[in-house]
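Numbers restart at 1 for each chain; the letters A, B, ... are given by sequence-line order, proteins then strands.
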Amino acid sequence: MAKNYWLIKSEPSTFSFDDLKKRTGQTEGWDGVRNYQARNFMRYHMQVGDLALFYHSSCAEPGVAGIVEITKSAYPDPSSWDAKSPYFDSKSSPDNPRWFMVNVTFKSEFKNFVSLKALKENDNLKDMKVVQKGQRLSIQPVTREEFSLVSKMGGL
DNA sequence: GCCAACGTTGGC
DNA sequence: GCCAACGTTGGC
């Protein structure tokens with residue numbers, strides 16, 4: 001089975017690549033995704049062993065900080081039926097979960113942060129969703145070529 | 001803080 | 001099933 005490549009967004013003020021690196025086990029459950037397209041990528045296409053670019057959004061310098069590996073495939077997101085969670089959705093329940101999550105684990109940190117600006121300036125990356133205007137998906141597929149080029153730009 | 005782009009909701 | 005209103009995302 002061919003490996004898939006992804007880009008996942010996080011706001012560093014909420015959860016940064018550095019937070020993941022420092023976490024015990026360097027693993028985080030990727031909860032809180034509340035968009036059907038993003039959910040479906042996780043649920044139907046993400047596999048253990050897939051790699052993802054960890055992207056910082058809504059911050060002073062948006063861009064890719066490093067690489068994570070998918071270490072657990074999609075399972076129901078319990079925050080969706082936790083009334084105290086900011087991600088609560090009354091239409092989701094343990095019996096009938098609407099939202100799913102995966103686990104991601106720190107893989108490698110870029111030697112140089114790859115800014116959104118740098119991504120935009122590279123002609124070979126012009127098809128990446130993240131550089132396109134109005135593209136807000138928090139989980140996006142990237143091609144193997146894009147993934148390896150961005151890794152190279154990051155100094156890996 | 002602004003605002004464009006997009007997704008979702010809900011009345012009809 | 002349409003579409004206007006609203007909420008959210010995210011770069012700047």
From CD of A:Q37 across to C1' of B:dA5 the rounded distance in Å is 14 Å
Cationic N near anionic O, under 4.0 Å, A:R34 to A:D77
yes
Does A:K9 have a side-chain nitrogen or oxygen under 4.0 Å from the phosphate oxygens OP1 or OP2 of C:dG10? yes
When rounded to whole Å, the CD1 to P distance for the pair A:I139 and C:dT9 reads 13 Å
Regarding the side chain of A:R136, the nearest nucleotide among C:dT9, B:dT8, B:dA4 is C:dT9
Would you call the rings of A:W6 and A:H45 parallel, tilted or perpendicular if under 30° counts as parallel and over 60° as perpendicular?
tilted
A:W99 CH2 to B:dG7 P, in whole Å, measures 13 Å
note: A:M128, atom CE; C:dG10, atom C1'; distance rounded to Å ~ 16 Å
Presence of A:Y55 side-chain N/O under 4.0 Å of C:dT9 phosphate oxygens OP1/OP2
no
The nucleotide from B:dG7, B:dA4, C:dG10 with an atom nearest the side chain of A:S57 is C:dG10
Tightest non-hydrogen contact, residues A:S80 and A:W99, listed as CB-CD1, 3.8 Å
On the ring face of A:F17, is A:K21 found with NZ or CZ under 6.0 Å from the centre and within 45° of the axis?
-> no
Checking B:dT9, C:dG11, B:dA5 against the side chain of A:L116 (C-beta onward), the nearest is C:dG11
Atom CZ of A:R34 and atom P of B:dG7 are separated, to the nearest Å, by 18 Å
A:Q140 atom CD is separated from B:dG7 atom P, nearest whole Å, by 12 Å
Here the distance between atom C1' of C:dG10 and atom NZ of A:K133, to the nearest Å, is 13 Å
Between CD of A:E11 and P of C:dT8 the distance, given in whole Å, is 12 Å
message = Considering every strand and a 4.0 Å limit on heavy-atom distances, what is the contact class for A:K120: base, sugar-phosphate, or nothing?
response = sugar-phosphate
Salt bridge present between A:D18 and A:K22 (N-O < 4.0 angstrom): yes
Looking only at B:dT8, B:dG7, B:dT9, the nucleotide nearest the A:Y36 side chain is B:dT8
